[in-house]
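Note: hydrogens, waters and symmetry copies are ignored here, and every other heavy atom, side chains too, is used. For this chain, numbers begin at 1 and follow the sequence in order. Note that ligands are numbered from 1 as they come in the structure, with each ligand's atoms numbered from 1 the same way.
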Amino acid sequence: MKIKYLLLEGIHHLGSDFLKEKNAHVEESLESYSKENIIEKINSEKIDAIGIRSKTNITKEIVENADSLSAVGAFCIGTNQIDLESCQKKGIVVFNAPYSNTRSVAELVISEMIALSRKTFYLSSLLHQGVWQKKAQGSFEVRNKRLGIIGYGHIGTQVGLLAESLGMDVVYYDVTTKLPLGTSSVCPSLKDLLSTSDFVTLHVPENKETKGMIGEKELGFMKSSACLINASRGSVVNIKALAEAIKNKKIAGAAIDVFPTEPRKNGPNFESELLGLENVILTPHIGGSTEEAQKNIGSEVSLSLYKYFALGDTAGAVNFPKVIAPPINGDYRLVHIHKNEPGVLAEVNSLISELGININYQSLSTKESIGYLLMDFEMDEAKSTELSTRLKMSDKLIKLRVISN
Ligand code: NAI
């Protein structure tokens, strides 16, 4: 049986090409679908997996009315548009591609650091207005300057390595202990990082601790010659305080890619206290927006979906236990998704022994409300049908898939 995919919102063709190569049936649309259309399509065509980007919402109503659906591929970074809890309860796995645009963000940050140091955007905007202003004073190389990275995760470490190759002194601050890469070193405190760095770049997630983590006090610790870069999340920097710090020359410049509120559509009338300020680079949340990142997303998510249907692999899942599934050892693999309640494994195993079937491989993992059981067997088709029919009688079962080798 071919796996049926519905891919919406113009997902990169690398994704659908790969799935078609793997013998899947793929239907594509450039548009997002309404809730009603999604439910109708999934049920009428028995869709196994839906691929979406950020505009399609996978709501509780869709999940509860989509019995054939086994997987959702979020061909993007965030998964806020998907009701992850409902998906988990219904045994629908969700995959995304969280690190596909890491390098893109890192490159933007490096380019902004140099542009701020040379006042490129400011001088360019003057020249666009016909004003020639050539001078060396106030322009610097980034070599031998200190870059302070707040949040030394996937993006932060990439930025650090690139900055080192420019001859910069890289320090970082993170709430968890991180291995320093290259010649970078850890800063004992946020204050220490802020007060000694020539550039401060933020790469933290959005959470209670990071909300407003850079405000008037923190900007006050920075050197007056230093610049701030934020390509993480808009809530991390207090924009009003930043605008004041720039106007009062408390810091020398800033590059901001993310804002507390961002327009949902492209177009005019964007507002911010930072508009028009000298040596402030503003970009419309494009840190991760490159052709390469789109390609990476297309191939990463489609590979995760393929491996899920071929092996039961959930390594890149957001709402399932992460299981790296080995090759199938036998004639069949059963993917048994059940309620995370005591006694399910014992119940399943006693049924298997009652039917006289030998288990070649078994692994059980749990996450929140579900248990995820993989089992490989040497058995004929009749036994496989009997086993699945009996397993489906249990009220603990959420979803059962049989993969033949
Ligand atoms: P990550 O999860 O790999 O790294 C985040 C790091 O921040 C972790 O090492 C974590 O321990 C650290 N951290 C958490 N709370 C902290 C705190 N209070 N103080 C210091 N460190 C803290 O995340 P990744 O992939 O590097 O992404 C970083 C940020 O970049 C995220 O906010 C993400 O949303 C944003 N992003 C922005 C894009 C854009 O287009 N501008 C594109 C992609 C990601």
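- Judged purely by distance below 3.5 Å, without hydrogens or angles, the side chains of Ser16 and Glu28 pair a donor atom with an acceptor atom.
- A perpendicular orientation is assigned to the rings of Phe320 and Tyr308, their planes being inclined by more than 60° (bins at 30° and 60°).
- Of the possible polar contacts, none joining the Asn101 side chain to the Ser104 backbone as a donor-acceptor pair under 3.5 Å is found.
- By the 4.0 Å N-to-carboxylate-O rule, Glu61 lies close enough to Lys35 to be salt-bridged with it.
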Got a list of side-chain donor-acceptor pairs under 3.5 Å for residues 237-250, not counting sequence neighbours?
{"residue": "Asn238", "atom": "OD1", "partner": "Lys240", "partner atom": "N", "Å": "3.1"}
{"residue": "Asn238", "atom": "OD1", "partner": "Ala241", "partner atom": "N", "Å": "3.1"}
{"residue": "Asn248", "atom": "ND2", "partner": "Glu244", "partner atom": "O", "Å": "3.1"}

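- Judged by the 6.0 Å distance and 45° axis criteria, Arg233 is not positioned over the aromatic ring of Phe259.
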Identify all pairs of nitrogen or oxygen atoms, one from ligand 1 and one from the protein, separated by less than 3.5 Å, and list them with distances.
{"residue": "ligand 1", "atom": "3 (O)", "partner": "His154", "partner atom": "N", "Å": "2.9"}
{"residue": "ligand 1", "atom": "3 (O)", "partner": "His154", "partner atom": "ND1", "Å": "2.6"}
{"residue": "ligand 1", "atom": "9 (O)", "partner": "Asp174", "partner atom": "OD2", "Å": "2.6"}
{"residue": "ligand 1", "atom": "9 (O)", "partner": "Lys178", "partner atom": "NZ", "Å": "2.9"}
{"residue": "ligand 1", "atom": "11 (O)", "partner": "Asp174", "partner atom": "OD1", "Å": "2.6"}
{"residue": "ligand 1", "atom": "11 (O)", "partner": "Thr176", "partner atom": "OG1", "Å": "3.2"}
{"residue": "ligand 1", "atom": "26 (O)", "partner": "His154", "partner atom": "N", "Å": "3.4"}
{"residue": "ligand 1", "atom": "26 (O)", "partner": "Ile155", "partner atom": "N", "Å": "2.9"}
{"residue": "ligand 1", "atom": "32 (O)", "partner": "Val204", "partner atom": "O", "Å": "2.6"}
{"residue": "ligand 1", "atom": "40 (O)", "partner": "His285", "partner atom": "NE2", "Å": "3.4"}
{"residue": "ligand 1", "atom": "40 (O)", "partner": "Gly287", "partner atom": "N", "Å": "3.4"}
{"residue": "ligand 1", "atom": "40 (O)", "partner": "Gly288", "partner atom": "N", "Å": "2.9"}
{"residue": "ligand 1", "atom": "41 (N)", "partner": "Ala231", "partner atom": "O", "Å": "3.1"}
{"residue": "ligand 1", "atom": "41 (N)", "partner": "Asp257", "partner atom": "OD2", "Å": "2.9"}

